[in-house]
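Counting starts at 1 for both ligands and their atoms, following the listed order.
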Amino acid sequence: MQFSAIKADVTRIETAALVVNLYHGVQRPGGATGAVDAALDGQISELIADGEITGKPGEITIVHTNGRLPARRIVVVGLGKKQECTLETVRKATGSVTQRLLRHRITRFHTILHGGGDLETTGVATRDLAQAIAEAALLAGYRYDRWKTVEPEEEPGEPRDREKEELQSITIVESDGRKLPSIRAGLSRGGLLADAVNWTRDIGNGPPNEIYPAALAERARRLAEEHKLEIEILTRRELEKRRMGGILGVGQGSAHEPRLIILRYRRGGKSAPSVIVGKAITFDTGGISIKPSANMEEMKFDKMGGVAVLGIMRAVALLKLKINLIGIVPSAENMPSGTSYRPGDILTSYSGKTIEIINTDAEGRLVLADALTYACEQNPKEVIDLATLTGACVVALGHYASGAFGDERIVERLTHVGAFTGDRVWPLPLYDEYGDDMKSEVADIKNSGGRWGGASTAAAFLKFFVKKGVAWAHLDIAGTAWTTKTQPYHPIGATGAGVRVVTEYLAGR
Ligand code: BES
Ligand code: MN
Ligand code: ZN
């Protein structure tokens with residue numbers, strides 16, 4: 001995939017498709033769209049006058065030029081009302097256009113810098129616009145088809161030609177040559193971030209018979225080799241030596257043994273490390289407290305917090321951020337069997353604190369308990385965990401924002417960066433009373449606080465294992481980690497939620 005930026009006049013571009021845009025309510029387009037309209041003898045204005053192009057967000061109109069312009073097609077994408085247009089509007093427009101053009105097997109196209117000249121006057125940097133376009137195009141062009149061996153029905157017998165199916169190149173056409181360096185910097189940054197997200201999606205979409213804890217650890221090892229990260233992988237025996245009773249308890253019902261993966265990235269001199277921790281349950285059946293079978297296949301995505309941590313390590317390495325970062329990924333498979341842990345069991349966590357098991361389906365917090373204790377031993381500057389932790393968070397926020405709990409300063413910054421990146425985060429409360437609901441009659445804490453406020457009681461459980469004084473925040477990505485319907489720049493499957501927002505947070509946005 002090739003991104004480039006050129007100084008040129010849109011009416012002179014030879015391309016399969018040239019993407020321009022339109023705000024809602026504009027009758028006579030100006031700028032690049034106006035120039036194209038003039039060359040088409042006002043065809044676009046006529047379509048607007050007839051109400052066939054409205055400029056509503058997500059609207060895409062393809063006009064063939066029939067030789068009136070060197071571009072074969074003009075693609076007009078709606079950006080909605082000018083005052084409401086944001087970086088996210090640009091991402092969604094770019095994503096929708098990319099998906100549409102790929103359906104028509106157009107894999108190389110040109111586009112103007114959406115929002116250039118307008119968003120810029122409201123303080124959005126040229127570089128960020130270009131980054132948004134690169135990110136959205138690569139994210140929208142993602143496909144997970146590794147396991148498809150039968151050719152699509154539309155072209156029987158035709159050998160597959162990936163050149164015709166996958167995005168090959170996008171060129172930004174800009175009339176102001178002074179903007180080219182910023183555009184190129186943005187394209188490069190967006191390209192790297194999207195690469196890390198798509199890498200995350202690839203592992204995330206991997207089926208649970210392929211991606212079990214030891215296999216995930218091997219992917220982490222390959223990642224570490226590629227980016228010169230330090231890596232440590234604790235096997236079951238090593239977890240036993242360290243008495244990591246949470247990870248061991250959850251993992252004991254499965255034929256696939258658990259692992260703890262630790263990655264270290266050092267480019268920040270002597271500064272204290274940020275630590276990111278991610279839940280990686282490679283499949284969550286619920287264990288003895290077994291889940292209903294409807295949609296259970298989606299529980300292969302219960303590893304996404306941990307996979308996102310690996311993706312963030314990759315993004316940070318690709319961007320060469322000048323920080324110290326430790327990634328900790330506790331991984332297990334939650335299965336029912338004769339060796340499974342049970343409701344009523346009492347586990348002794350790595351911290352020494354004991355946990356009464358009420359429900360074996362509340363397993364994520366158990367592996368995180370050990371990992372958070374380990375994280376707090378690293379003299380961290382801050383600890384951020386990511387986990388597909390609760391169905392309750394999905395009830396609260398749906399699929400368009402991850403829940404954020406804990407340290408107010410971190411949560412506030414994550415919320416801000418979330419809005420900026422479109423990888424959204426929204427604060428939820430963590431009052432002391434939620435901790436009261438987790439009190440056990442027989443152990444130090446129990447692993448389920450019942451039905452109400454489930455996302456917050458889960459966070460309160462995690463907090464019990466965070467050393468006093470450590471700045472810690474928890475992201476519940478249960479509603480955002482995967483999607484079952486196509487979104488403008490998220491195809492069905494793993495989304496890579498958390499990778500962009502946490503990476504940009506670490507980059508100091
Ligand atoms: N992995 C699930 C949470 C989940 C459910 C994520 C649905 C995404 C969609 C987690 O391990 C779980 O089962 N949580 C329970 C906790 C309860 C037993 C206290 C839940 O949310 O119901
Ligand atoms: Mn569960
Ligand atoms: Zn789970």
### Query
Does NZ or CZ of Arg201 lie under 6.0 Å from the centre of the six-membered ring of Tyr144, at an angle within 45° of the ring axis?
no
### Task
Give me the one residue out of Val383, Leu260, Asp370 that meets side chain to side chain contact (heavy atoms under 4.5 Å, CB included) with Ile328.
Leu260
#### Entry: Lys/Arg N to Asp/Glu carboxylate O, Arg259 vs Glu218, below 4.0 Å
no
### Task
Check ligand 1 against Thr388 and write out every atom of the ligand that is under 4.0 Å from a heavy-atom position of the residue.
1 (N), 2 (C), 3 (C), 6 (C)
### Message
the Zn ion (ligand 3) and Gly364: any N/O/S contact shorter than 2.8 Å?
### Response
no
### Query
Does ligand 1 have any atom sitting under 4.0 Å from a heavy atom of Ser448?
yes
### Message
Just to confirm my output: which protein heavy-atom neighbour is closest to atom 20 (C) of ligand 1, and how far is it?
### Response
Gly391 N, 3.9 Å
#### Entry: Which N, O or S atom of Asp302 lies nearest to the Zn ion (ligand 3), by name
OD2
### SB check Asp128 Arg509 (cutoff 4.0 Å)
yes
### Message
Is it the case that the side chain of His399 and the backbone of Gly479 share a donor-acceptor pair, with hydrogens and angles ignored and the cut-off at 3.5 Å?
### Response
yes
### Minimum heavy-atom distance between Ile290 and Met296, given as atom pair plus value
CG1-CE, 4.3 Å
### Query
Which one of Arg146, Lys300, Lys303 satisfies the salt bridge (Lys or Arg N to Asp or Glu O under 4.0 Å) criterion with Glu210?
Arg146
### Message
Taking the basic N atoms (NZ, or NE/NH1/NH2) and the acidic carboxylate oxygens, is any pair closer than 4.0 Å for Glu240 and Arg237?
### Response
no
### Task
Check each atom of ligand 1 against the heavy atoms of Asn359 and keep those under 4.0 Å away; list them by number with element.
18 (C)
### Query
Which of the atoms in ligand 1, numbered in the order shown and given with their element, are less than 4.0 Å from a heavy-atom of Arg365?
16 (C), 19 (C)
### Query
Between Glu382 and Arg409, is there a salt bridge with N-O shorter than 4.0 Å?
no
### Task
Could you establish whether Glu298 and ligand 1 come within less than 4.0 Å of each other, counting only heavy atoms on the residue side?
no
#### Entry: atom 12 (C) of ligand 1: nearest protein contact (heavy atom, Å)
Asp361 O, 3.1 Å
### Message
Check this for me, if you would: do Asp302 and Lys279 make a salt bridge, where the nitrogen-to-carboxylate-oxygen distance has to be below 4.0 angstrom?
### Response
yes
### Query
Looking at Glu363, which of its N, O or S atoms is the nearest one to the Zn ion (ligand 3)?
OE2
#### Entry: Residues Arg314 and Glu226 bridged, charged N to O under 4.0 Å
yes
### Query
In terms of atom number and element, which parts of ligand 1 are under 4.0 angstrom from non-hydrogen atoms of Trp482?
8 (C), 9 (C)
#### Entry: Arg264 with Glu232: basic N within carboxylate O range, under 4.0 Å
yes
### Summary
Within 4.0 Å of some non-hydrogen atom of Lys279, the atoms of ligand 1 are 1 (N), 10 (C), 11 (O)
### Summary
Answer key: the N, O or S atom of Asp284 nearest to the Zn ion (ligand 3) is OD2
### Summary
For the Mn ion (ligand 2), the nearest N/O/S atom on Asp284 is atom OD2
### Heavy-atom proximity to atom 17 (C) of ligand 1, best of Ala455, Ala481, Ala362, Gly479
Ala362
### Task
Find all atoms of ligand 1 within a distance of less than 4.0 Å from any non-hydrogen atom belonging to Glu363, and give their numbers and elements.
11 (O)
### Message
For Ile281, which part has a heavy atom under 4.0 Å from ligand 1: side chain, backbone, both, or neither?
### Response
neither
### Task
Run the numbers for me: atoms of ligand 1, each under 4.0 Å from some heavy atom of Ala478, listed by number.
6 (C), 8 (C)
### Per-atom contacts of ligand 1 with Asp284, taking only distances under 4.0 Å to non-hydrogen atoms
1 (N), 2 (C), 10 (C), 11 (O), 13 (O)
### Message
Rounded to the nearest 10°, what angle sits at the Mn ion (ligand 2) between OE1 of Glu363 and OD1 of Asp361?
### Response
120°
